[in-house]
Protein chains: 2
Amino acid sequence: MSVKKRSVKPVRRSLAKIRKDNSDQILKVAERLFSDKGYSGTTISAIAKEAGLPKANVLYYFHTKDALYKRVLSNILSIWMLSMNDMTEDQHPRDALRSYIVKKIRQSKEHPHASRIFAAEILHGAPYLREQLETDLKEQFQATCQVFRHWISKQWMDPVNPEHLMFMLWSSTQAYADFQVQSSIMLSKTELDDQDFNEGADLLVRLVLKGCGINQV
Amino acid sequence: MSVKKRSVKPVRRSLAKIRKDNSDQILKVAERLFSDKGYSGTTISAIAKEAGLPKANVLYYFHTKDALYKRVLSNILSIWMLSMNDMTEDQHPRDALRSYIVKKIRQSKEHPHASRIFAAEILHGAPYLREQLETDLKEQFQATCQVFRHWISKQWMDPVNPEHLMFMLWSSTQAYADFQVQSSIMLSKTELDDQDFNEGADLLVRLVLKGCGINQV
DNA sequence: AAATCTTCTGACCGATTGGTCAGAAGATGG
DNA sequence: CCATCTTCTGACCAATCGGTCAGAAGATTT
């Protein structure tokens with residue numbers, strides 16, 4: 001245990017650092033609260049309180065609650081898109097699908113709050129994300145479906161419906177973040193551990209590969 | 001087009017009918033709004049407005065917002081539990097799993113609002129449902145896992161992890177309600193039609209049966 | 001038709017909400 | 001050290017929130 005005192009005599013910080021520290025802290029707290037309570041259930045005062053700042057200071061950095069929420073969302077989406085587009089047609093589906101599932105479940109484990117905000121957005125009709133879903137995400141979705149069709153034409157997998165396979169992959173991996181509370185209740189645990197995530201990934205990989213007639217090595 | 005006028009000269013209604021009509025109408029509107037906007041995002045005034053009643057009248061039937069929400073939730077949960085517990089060990093998994101998936105997806109199609117409220121509850125930590133999840137739902141969950149284990153011991157299916165199979169079934173069927181907005185955007189439709197739900201069910205049945213090594217007839 | 005019970009509702013309440021603003025406090029560059 | 005720019009914040013605001021209540025309006029019972 002360190003007994004080093006902080007913030008008793010405020011250290012002189014550069015403006016750049018002050019700005020970065022505070023907005024990072026606000027974004028971090030906001031992500032957790034938006035995830036736990038939803039947009040309407042989260043108040044600026046609550047964010048300010050947990051971030052250790054006066055409410056007016058939060059509004060100094062993010063002029064409106066809306067703007068803050070949009071910033072949180074866009075941060076999330078950029079992380080999201082990255083892990084989406086790494087299934088390519090020159091890979092074998094055996095490897096591509098496995099690593100996709102593993103990566104997605106790891107993301108659910110490591111960024112549960114982000115994942116849940118995303119889910120809540122869509123659950124409520126995607127009022128803020130609709131445009132980006134219609135452009136960026138849809139583009140990636142269709143590209144990935146093309147990859148599936150390519151694999152099917154090469155007879156690397158059964159002729160399954162590509163779109164619905166994507167939906168299944170998305171929802172069943174996403175669930176390890178969104179429904180973590182329910183899962184841990186069912187398993188009589190306070191929270192899921194690494195083994196649970198691994199077992200989930202194993203089951204999904206098995207189901208998808210075998211289910212699509214992809215011969216596992 | 002009918003030109004029959006209603007509510008110009010109010011019809012004489014019995015007290016029993018009045019009470020039933022109004023509370024039903026309130027519950028119906030409340031379910032839709034809670035589903036669309038979440039608990040905090042839904043106001044009593046909004047419910048009253050859409051139900052065509054003054055706010056004070058809504059509070060006459062349901063004394064608090066909390067009580068109204070709980071009523072909506074408990075209605076949902078009772079529908080839910082019914083479709084859960086019809087997998088038994090004397091059935092063959094081929095039939096039992098297929099009809100479970102089909103039934104669950106039909107539920108997502110026919111009760112999308114209820115489904116989304118349920119999902120949002122869990123997403124935000126199940127503050128109102130926790131107790132029932134820990135008792136009723138957990139009991140059914142464990143019973144169903146036992147059925148899976150029985151099927152496995154009879155070598156009717158591969159030795160897959162029963163708990164995670166349940167999670168997969170739950171999330172991938174649930175998704176056809178929760179993420180309907182996203183799915184329809186991806187498919188360039190205003191909303192999913194019967195064929196979409198059927199294709200989804202077909203894919204899931206195929207994946208689960210083949211994936212679990214259950215020989216389809 | 002009178003008495004009683006239920007339903008209905010406009011007016012009102014304190015608390016909380018997101019947001020504003022003037023001016024203090026602190027950091028920066030010369 | 002001073003002028004200037006950025007950061008910070010308490011006080012304040014209109015709007016809205018969930019909820020109360022007295023009394024009107026309507027239904028039921030006698």
Side-chain angles (χ1 to χ4, degrees), chain A residues 6-34 36-73 117 124 127-128, chain B residues 6-31 33-34 36-73 124 127-128:
Chain A
R6 299 272 295 178
S7 74
V8 171
K9 272 272 157 58
V11 196
R12 198 170 212 265
R13 291 185 299 171
S14 73
L15 285 183
K17 183 167 169 49
I18 286 174
R19 177 159 276 266
K20 184 169 190 314
D21 284 356
N22 283 343
S23 38
D24 281 359
Q25 170 72 357
I26 291 168
L27 283 169
K28 195 177 117 193
V29 171
E31 183 181 297
R32 204 186 69 239
L33 288 182
F34 281 137
D36 286 349
K37 316 268 186 179
Y39 177 81
S40 312
T42 302
T43 65
I44 300 179
S45 325
I47 295 171
K49 197 174 184 178
E50 297 217 20
L53 297 170
K55 190 184 75 169
N57 203 359
V58 172
L59 285 160
Y60 169 71
Y61 285 106
F62 303 92
H63 299 291
T64 64
K65 185 185 178 183
D66 236 70
L68 174 53
Y69 182 69
K70 279 179 184 166
R71 265 294 299 277
V72 171
L73 264 188
I117 293 176
H124 297 136
Y128 292 91
Chain B
R6 300 273 292 175
S7 76
V8 170
K9 270 272 153 65
V11 196
R12 200 170 211 265
R13 292 185 299 170
S14 73
L15 284 184
K17 184 165 167 50
I18 286 174
R19 177 159 276 267
K20 184 168 190 315
D21 284 357
N22 282 343
S23 39
D24 280 0
Q25 170 71 357
I26 291 168
L27 282 170
K28 194 178 120 194
V29 170
E31 183 181 298
L33 287 182
F34 281 137
D36 285 350
K37 316 267 186 181
Y39 177 81
S40 313
T42 303
T43 66
I44 300 180
S45 327
I47 295 172
K49 196 173 185 179
E50 297 216 18
L53 298 169
K55 190 184 74 170
N57 204 358
V58 173
L59 285 161
Y60 169 72
Y61 285 105
F62 303 91
H63 299 289
T64 63
K65 185 185 176 182
D66 236 71
L68 174 55
Y69 182 68
K70 279 178 183 165
R71 266 294 299 279
V72 172
L73 263 190
H124 298 135
Y128 292 91

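Any value given below was found using the heavy atoms of this structure, including those in side chains, with hydrogens, waters and symmetry copies removed. Here is the naming used below: chain letters follow the sequence lines, and residue numbers restart at 1 for every chain.
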Please report, rounded to the nearest Å, how far the C1' atom of C/dT20 is from the CZ atom of A/Phe62.
19 Å
Please confirm whether the shortest side-chain N or O distance from B/Tyr60 to OP1 or OP2 of C/dT7 is below 4.0 Å.
yes
What do the steps show when you test A/Ser23 against A/Phe62 for side chain to side chain contact (heavy atoms under 4.5 Å, CB included), and what is the final call?
CA-CA 8 Å; A/Ser23 38; A/Phe62 303 92; 3.9 Å; yes
Nearest to the B/Lys65 side chain among D/dG19, C/dT20, C/dC8, which nucleotide is it?
D/dG19
When rounded to whole Å, the CG to P distance for the pair A/Asp24 and D/dT7 reads 14 Å
State which of D/dT20, C/dT6, D/dT9 makes the closest approach to the side chain of B/Leu15.
C/dT6
Side-chain contact check for B/Tyr61: nearest option of D/dT20, C/dT28, C/dT7 is C/dT7
Heavy atoms from C-beta onward define the side chain here; which of C/dG19, D/dG18, D/dG19 lies closest to that of B/Ser45?
D/dG18
Whole-Å distance, B/His63 NE2 to C/dT6 C1', equals 13 Å
Using a 4.0 Å heavy-atom cut-off across all strands, classify B/Thr42 as base, sugar-phosphate, or nothing.
sugar-phosphate
So what does B/Ile44 touch, heavy atoms closer than 4.0 Å: a base, only the sugar-phosphate, or nothing?
sugar-phosphate
Can you work out whether B/Lys55 or B/Ile18 has the more 5'-proximal nearest nucleotide on DNA chain C?
B/Ile18
Integer-rounded Å distance: C/dG19 C1' and A/Asp66 CG
12 Å
Run B/Tyr61 and B/Leu68 through side chain to side chain contact (heavy atoms under 4.5 Å, CB included) and show every step you take.
CA-CA 9 Å; B/Tyr61 285 105; B/Leu68 174 55; over 6 Å; no
Is A/Arg19 near enough to D/dT6 that one of its side-chain N or O atoms lies under 4.0 angstrom from OP1 or OP2?
no
Please work out if B/Asn22 contacts a base, only the sugar-phosphate, or nothing of the nucleic acid, heavy-atom cut-off 4.0 Å.
sugar-phosphate
Closest non-hydrogen atoms of A/Ile44 and A/Leu59, given as atom of the first, atom of the second and distance, are CD1-CD2, 3.7 Å
Distance in angstrom units between B/Asn57 CG and D/dG26 P, rounded
14 Å
Could you check how far NZ of B/Lys17 sits from P of D/dT28, rounded to whole Å?
12 Å
Sorted by position of nearest nucleotide on DNA chain D, 5' first, the leading residue of B/Ala56 and B/Ala16 is B/Ala56
Atom pair distance, as rounded to whole Å: CD in A/Gln25 and P in D/dC8:
13 Å
What is the distance from CG of A/Leu33 to P of C/dG18, rounded to the nearest Å?
12 Å
Give me the one residue out of B/Gln25, B/Lys17, B/Arg19 that meets side-chain contact (heavy atoms from CB on, under 4.5 Å) with B/Asp21.
B/Lys17
Backbone N/O of A/Thr42 and side chain of A/Lys65: donor-acceptor pair under 3.5 Å
yes
